[in-house]
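I have placed the structure first, in the form of structure tokens, so that the comments after it can refer back to it.
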Amino acid sequence: MPELPEVETVRRCLAAAVCGRRIVSCEVRHPDVVRNLEPALLEEVLRNNRFTGFRRRGKYLLGDLESGHVLVVHLGMTGRLFVVETPCELAPHTHLIMELEGGAELRFQDVRRFGGLYLLTGPLDHSIPGLAAMGPEPLDPGLTEEHWCRYLEGRRGNLKARLLDQRLVAGIGNIYADEILFACGISPQRDLASLNRVERIRLHRQMRRILTEAIDDGGSSIRDYVDGRGQPGGFQNRHRVYGRKGQACTVCGRPLSGCRISGRSTVFCEHCQR
DNA sequence: ACAATTACCTGTATGC
DNA sequence: TGCATACAGGTAATTG
């Protein structure tokens, strides 16, 4: 599931693979994935345009275009955005194709269509729900330990639910919430307000460590995720709790517990996470 | 102001 | 073999 590390990996791939290459043509094959404008208009804007850079905000990928427009992509659950240098047969659920100079194609594929694309006319992002109210970037160098502790002051609610809330902090989804909390040795069932200073600092440190390591590994590929070149990531091999319910805790050897929080399956170690 | 639930989707795995 | 059901968990809207 594309969370911050997966989107960041795609961003890096695309920055290297498609920046500066002219878009020869664009075809929207399923209009539903184009969210805030007419598909024909999007095709028109992209044609003869080119990406000058790619940015990321939380789980959103922002493609800066030469025209000044910004193409915003959210991969949802099963979305894939990748370049094929020598176009092969279209995979099912390919909803948008950008043909690049030289014959390569940038394709958006999404089985469940929870993902989608938006076009912004300016640099501001208030038109996209979610982007406007998004919390701080967990890897922002400016988000120091001190800032983080102060930021959490006065906030409460189920800890894992809050980590999944993009308004608190950007880019964390179900996989990394569980992995981060395990690394912290803190139970997902705790209330955010109950964390003492040491625990808040641990959360800051482990959140940044896990996300950074996952990016270094190219993200987690469970079922659908591939990077901007169509390749799977490697961090799924280093998951210590996600998808391991009932298996032995890598620290204490006891079977990992499962529960549901905010409607999401949650795996944790009752012994190691307090 | 928060939490829980549901809708949106479809492929995959399971049970009978 | 078929069919029904549960599950995956991204965001947004709704309800409590």
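Chain letters run A, B, ... following the sequence lines, proteins first, then strands; residues in each count from 1. Small disclaimer: the values here were computed from a predicted structure and weren't measured.
With both ends at atom P, the span from B:dT5 to C:dA6 equals 16 Å, rounded to whole Å. Between C:dT14 and B:dC9, the distance separating the two P atoms is 16 Å to the nearest Å.
Across C:dA8, C:dG10, C:dT11, the shortest atom-to-atom separation from the side chain of A:Tyr242 is found for C:dA8. Across B:dT10, C:dT11, C:dA8, the shortest atom-to-atom separation from the side chain of A:His74 is found for C:dT11. Minimum atom distance to the side chain of A:Lys59 is reached by C:dT11, of the listed C:dA8, B:dC9, C:dT11. You'll find that the side chain of A:Asp32 is closest to B:dC9, out of B:dC9, B:dA3, C:dA8.
Residue A:Arg155 is out of contact with every strand shown, counting any heavy-atom pair closer than 4.0 Å. A:Asp110 comes within 4.0 angstrom of no nucleic acid atom, judged by non-hydrogen atoms across all strands. Backbone-only contact: A:Gly130 has heavy atoms under 4.0 Å from sugar-phosphate atoms and none from a base.
For A:Arg112 against C:dA8, a side-chain-to-base donor-acceptor contact under 3.5 Å is present.
With hydrogens and angles ignored, the 3.5 Å screen pairs no side-chain donor or acceptor of A:Gln206 with any backbone N or O of A:His204. At least one donor-acceptor pair closer than 3.5 Å links the side chain of A:Arg11 to the backbone N or O of A:Phe54. Side chain of A:Thr266 to backbone of A:Arg264: a donor-acceptor contact under 3.5 angstrom is found.
Taking the charged nitrogens against the carboxylate oxygens, A:Glu8 and A:Arg12 do have a contact shorter than 4.0 Å, which makes a salt bridge. Comment: A:Glu101 does not engage A:Arg21 in a salt bridge, judged by the lack of any side-chain N to carboxylate O separation of less than 4.0 angstrom.
Counting to the nearest Å, the C1' atom of B:dC2 and the CD1 atom of A:Ile261 are 15 Å from each other. One can place CZ of A:Arg35 at 16 Å from P of C:dG10, the figure rounded to the nearest angstrom. When rounded to the nearest whole Å, the span between CD of A:Glu3 and P of C:dT11 equals 9 Å. In this structure, A:Arg223 atom CZ and C:dG10 atom P are separated by 12 Å, rounded to whole Å. Rounded to an integer number of Å, the gap from A:Arg264 CZ to C:dA12 C1' is 12 Å. Nucleotide C:dT11 holds its P atom 11 Å from the CG atom of A:Leu4, rounded to whole Å. The CG-P distance, from A:Asp224 to C:dC7, rounds to 19 Å in whole Å. Rounding to whole angstrom units, CG of residue A:Leu168 and C1' of B:dC2 are separated by 13 Å.
Along DNA chain B, the nucleotide nearest to A:Arg162 and the one nearest to A:His93 differ in position, and the one closer to the 5' end is contacted by A:Arg162.
OP1 or OP2 of B:dT10 lies within a sub-4.0 Å distance of a side-chain N or O belonging to A:Arg113. At C:dG10, none of the side-chain N or O atoms of A:Thr78 fall inside 4.0 Å of OP1 or OP2 (strictly under the cut-off).
If you check B:dC9 for Watson-Crick or wobble pairing at under 3.5 angstrom, you find it has no partner at all.
In this structure, A:Leu71 CG and A:Leu96 CG are separated by 8.0 Å, a value rounded to the nearest 0.5 Å.
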